[in-house]
J.: 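Handing you this structure, nothing more for now.
Chain A is the first sequence line, chain B the second, and so forth, proteins listed ahead of strands; every chain is numbered from 1. Only heavy atoms go into these numbers, but all of them, side chains included; no hydrogens, no water, no symmetry mates. Treat the numbers as computed from the prediction; the structure is a model and nothing was measured.
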Amino acid sequence: MPRTKSKSRSKPEDSSPVSGSLAAFQSHVFAWFATHKRDLPWRESQDPYRVWISEIMLQQTQVATVKEYFRRFTAEFPHVSDLAAAEEQQVLRLWEGLGYYRRARQLHAAAKEIVERYDGQFPQTVDQIQSLPGIGRYTAGAIASIAYGQKAPILEANTQRLFARLIGWDHVLSTSASQKRLWQFAEDLLPDHDVGIFNQALMEIGSLVCTPKSPNCSQCPLAVHCQAYQQGRQDEIPQPKKKIEFIPVTEIALVVRRKNEVLLRQCGQEERWAGLWDFPRFTVANEEELSGVAGQLQEASGIEASLGSHVTTIKHGVTKYRITLLCHEMTYQKGRLRPEAGPDGQPRVWQWRDASHLTDLPLSTTGRKLAKLV
DNA sequence: AATGCGGGGCA
DNA sequence: TGCCCAGCATT
């Protein structure tokens, strides 16, 4: 029998996914992490529930921001059954300020599914994990590897950048071809042991060393394996993302008072801040266009009120919108709240709430700022 | 492949 | 200011 071609090409230096040997690469990763690992609250345990909470919170959210949220959340809900039994409003209250509130509602829904379908035991296969709401390929791989030590790859912001530089990938990263290549690379890299530690180490290197701007190549444990570094192209790779075109918007928020109550609205499932409460908000053409606001309020809620003084102006961004939010007081005149179906079958989305008890409600960040002023 | 979804950290 | 962040779901 003639030797096959693949057999004759199976020298280690040919099959290694990185420049240099894979074994050396892996040991460089482990050694660096052993001395540079950060102490983070979710690294104190491998409980899949806690790993899961941290991974959801960390989606598109920086480590520094998540720390306190993670502590509060897991203190309030130590076990998946505690989360499953909670009111969604309480879950959202603990999520308030983190953003991407769909994460919190999907987390809650997944907790219920784990209790009902898996008898409270967190699922153990990648496919089962990924079938839970809010869990995609990255998060499933992270949980499977970190909590269970399974040989599952991960790819997220830090490792995308790191991998692109390691293999000198000078293409736009968001295309499906790039994603396919990078996922394959992530898989080819995996060791046969301590996969969870390995994956976390790669993210940590991406985060602390292989930074977006001015990466610290001189201190990088993987420089010897890095194509971009060897070519002096670490500042060109990865290619910059497409810039977002911001759209300026002017909105008005109304603090409608009736004795010691204020008028609030709960955001519907299909809109921004779903499930959270907010002061009545309307888009206006410009900062002078306030005359129609009373009519818009009456149209939307059934309440008639007279425009009062300007409280404050809040500038904030939501996804691609740059919002200038004009906040005005109003005084209730007459009218009753229009009955309207709420997010989860609640009788209405409009409610009068005691102004001194707004701390219990989940509010949007601008809503919270405004609530503190009034 | 493109879009919606938040808010804050940081140079 | 602008860029970026341990992504996911939908279209």
J.: Using atom CE of A/Met57 as one end and atom C1' of C/dG7 as the other, report the distance to the nearest whole Å.
T.: 15 Å

J.: Rounding to the closest angstrom, what is the interatomic distance between C/dA6 and B/dA11 at atom P?
T.: 14 Å

J.: Please name all residues satisfying ring-ring contact (aromatic ring centres under 6.0 Å, His included) with A/Phe282, sequence neighbours left out, ordered by chain then number.
T.: none

J.: Under the side chain to side chain contact (heavy atoms under 4.5 Å, CB included) test, which residues partner A/Glu76, sequence neighbours left out?
T.: A/Gln90, A/Leu94

J.: Looking only at the side chain of A/Gln62 (C-beta and beyond, no hydrogens), which of the listed nucleotides C/dC8, C/dC3, C/dC5 gets closest?
T.: C/dC5

J.: Would you jot down, in residue-number order, the residues of residues 358-374 of chain A having a non-hydrogen atom under 4.0 Å from DNA chain C?
T.: none

J.: Just the rounded figure in Å: distance from C1' of C/dG7 to CD of A/Gln130.
T.: 12 Å

J.: Per the ring-ring contact (aromatic ring centres under 6.0 Å, His included) rule, which among A/Phe70, A/Phe77, A/Tyr69 passes with A/Phe73?
T.: A/Phe77

J.: Assess, by modelled atom type and distance only, whether the side chains of A/Arg233 and A/Gln227 contain a donor and an acceptor separated by less than 3.5 Å.
T.: no

J.: Show every side chain to side chain donor-acceptor pair (under 3.5 Å) that has at least one partner inside residues 210-225 of chain A, sequence neighbours left out.
T.: A/His28-A/His225

J.: Does A/Glu204 pair with A/Lys37 as a salt bridge, N-O distance under 4.0 Å?
T.: no

J.: Without decimals, in angstroms, what is the distance between A/Arg322 CZ and C/dT1 C1'?
T.: 8 Å

J.: Can you say whether the rings of A/Tyr148 and A/Phe122 are parallel (under 30°), tilted (30 to 60°) or perpendicular (over 60°)?
T.: tilted

J.: For A/Ile154 and C/dA6, what is the distance between atoms CD1 and P respectively, to the nearest whole Å?
T.: 11 Å

J.: Other than A/Phe246, which residues form its hydrophobic cluster under the rule that side-chain heavy atoms must be closer than 4.5 Å?
T.: A/Ile244

J.: Between C/dC5 and A/Arg161, is there an OP1 or OP2 to side-chain N/O distance shorter than 4.0 Å?
T.: yes

J.: Walking along DNA chain B from 5' to 3', note the first and the last nucleotide with an atom under 4.0 Å from a heavy atom of chain A, and give both.
T.: B/dA1 to B/dG9

J.: Report the distance from atom CG of A/Leu40 to atom P of C/dC5, rounded to the nearest whole Å.
T.: 17 Å

J.: Hey, can you tell me if A/His171 and A/Trp169 have their rings parallel, tilted or perpendicular (30° and 60° cut-offs)?
T.: tilted

J.: Send over the distance from A/Phe198 CZ to C/dA6 C1', rounded to a whole Å.
T.: 16 Å

